[in-house]
Amino acid sequence: MPELPEVQTVITGLKKTVLKKTFAKATIYAPRVARFQIKSIEKGIKGKTILQITRRGKNILFELSGNHTLLAHLGMTGHMFYYSKKKAKDKHDAAIFRFKDGGELHFHDTRKFGKLILSNGKSDSLPTEKLGPEPLEITLPEFIKLFHSKKRMVKPALLDQTILAGLGNIYADEALFEAKIHPQRITDRLSNEKLKALHSAIRKILQRAIKTGGSSVANYVDVEGKPGHFQIYHKVYGKTGHACPRCGTKIKRIVVGQRSSHFCPRCQKL
DNA sequence: AGCTCTTCCTGAAAGC
DNA sequence: TGCTTTCAGGAAGAGC
């Protein structure tokens with residue numbers, strides 16, 4: 001499940017492979033991934049050159065010539081695969097982009113939760129407008145202010161992209177464990193000290209994950225086919241019943257806001 | 001404002 | 001063994 005570090009890793013791969021290339025043809029195979037804007041994307045992208053590739057939250061932004069932006073969201077199971085030569089369509093390819101030089105970029109998405117949106121320059125037409133700050137850019141005072149301004153359980157707050165953009169279920173659980181905060185604690189009642197711990201835990205965990213190239217939990221593979229290695233560092237996510245690496249207590253799994261939450265009941269008290 | 005539930009989708013894993 | 005059910009989760013929308 002691609003979260004901020006995985007998306008960042010994909011972007012690194014994309015920069016190595018498709019930056020500066022010009023689209024010759026785009027074919028959408030999964031209409032819902034393109035929000036049924038099949039023709040406008042297929043036509044709109046033709047002849048455009050990829051000038052820059054950036055990230056906003058979990059979104060990949062291709063800045064194109066002609067002031068267009070192509071947004072790609074990997075959803076749950078999205079992958080970007082680059083081939084230097086023509087490659088047959090896979091069963092789960094949601095879209096295939098062919099470049100003038102013969103290379104191909106396949107947007108592979110088994111569950112079709114991904115998203116492709118082409119904007120004709122107006123950035124306010126992209127959903128990235130609604131996103132909260134970047135977790136690696138927000139300062140501690142801003143972070144404290146933000147969480148004290150909300151009155152909700154901290155775990156769902158961390159997953160809410162309009163509050164903070166980029167965290168998913170894995171890194172949210174890992175960050176809460178690191179900061180020793182129970183997932184059901186209410187944001188405005190967390191002390192400055194706790195929020196400081198959370199702020200630095202998020203930074204630490206994301207930066208380490210980016211450094212190691214993303215997580216492998218869901219068979220994550222980067223653009224060139226190399227798996228990430230962060231899974232070896234997961235301390236609580238998917239570790240129900242395992243011993244807490246800090247105190248040995250069994251890791252517990254509960255459901256918070258319709259999402260599974262893994263935590264140590266001794267280290268993370270309510 | 002914020003909670004819960006539902007929907008989308010497929011494959012893996014658990015249950016019988 | 002093999003079929004059936006459940007589960008997983010990012011995001012959006014409905015209803016309370």
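Only heavy atoms go into these numbers, but all of them, side chains included; no hydrogens, no water, no symmetry mates. We name chains A, B, ... by the order of the sequence lines, and we start the count at 1 in each one.
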Ring centroid separation A:H262 to A:Y237 under 6.0 Å: yes
Rounded distance in Å - CD (A:Q258) to C1' (C:dG15): 13 Å
Short side-chain N/O contact to C:dG9 OP1/OP2 from A:S260, under 4.0 Å: yes
Integer-rounded Å distance: C:dA8 P and A:E3 CD: 16 Å
Along DNA chain B, first and last positions that approach a heavy atom of chain A under 4.0 Å: B:dG2 to B:dG11
Presence of salt bridge, A:K155 and A:D173, under 4.0 angstrom: yes
Side-chain N,O (A:Y237) to OP1/OP2 (C:dG9) below 4.0 Å: yes
Under-4.0 Å side-chain N/O to phosphate OP1/OP2 contact, A:Q161 with C:dG10: no
Whole angstrom value for the distance that separates C1' of C:dG10 from CG of A:D173: 15 Å
A:I41 to A:L116 - nearest heavy-atom pair and separation: CD1-O, 3.7 Å
Nearest-Å distance for atom pair NZ/C1', residues A:K115 and C:dG10: 8 Å
Touch class at under 4.0 angstrom, heavy-atom based, for A:R152 against every strand present: sugar-phosphate
Ring center gap for A:F23 and A:F99 short of 6.0 angstrom: yes
Given DNA chain B, 5'-ward residue of the pair A:I186 and A:R259, judged by closest heavy atom: A:I186
Residue of the set A:E129, A:E137, A:E134 for which salt bridge (charged side-chain N to carboxylate O under 4.0 Å, His left out) holds with A:R56: A:E134
Check: A:Q268 side chain, A:I181 main-chain N or O, donor-acceptor pair, under 3.5 Å: yes
Near-parallel close stack of A:F113 and C:dG10 base (under 5.5 Å, under 30°): yes
d(CG, A:L159; P, C:dA12) in whole Å: 13 Å
Sugar-phosphate only, base, or nothing, as touched by A:K130 at under 4.0 Å among non-hydrogen atoms: nothing
First of A:K112 and A:K151 reached from the 5' end of DNA chain B, by closest nucleotide: A:K151
Derivation and outcome, ring-ring contact (aromatic ring centres under 6.0 Å, His included), residues A:H199 and A:F143: CA-CA 7 Å; A:H199 179 256; A:F143 186 85; 5.1 Å; yes
Any A:H73 side-chain N or O less than 4.0 Å from OP1/OP2 of C:dG10: no
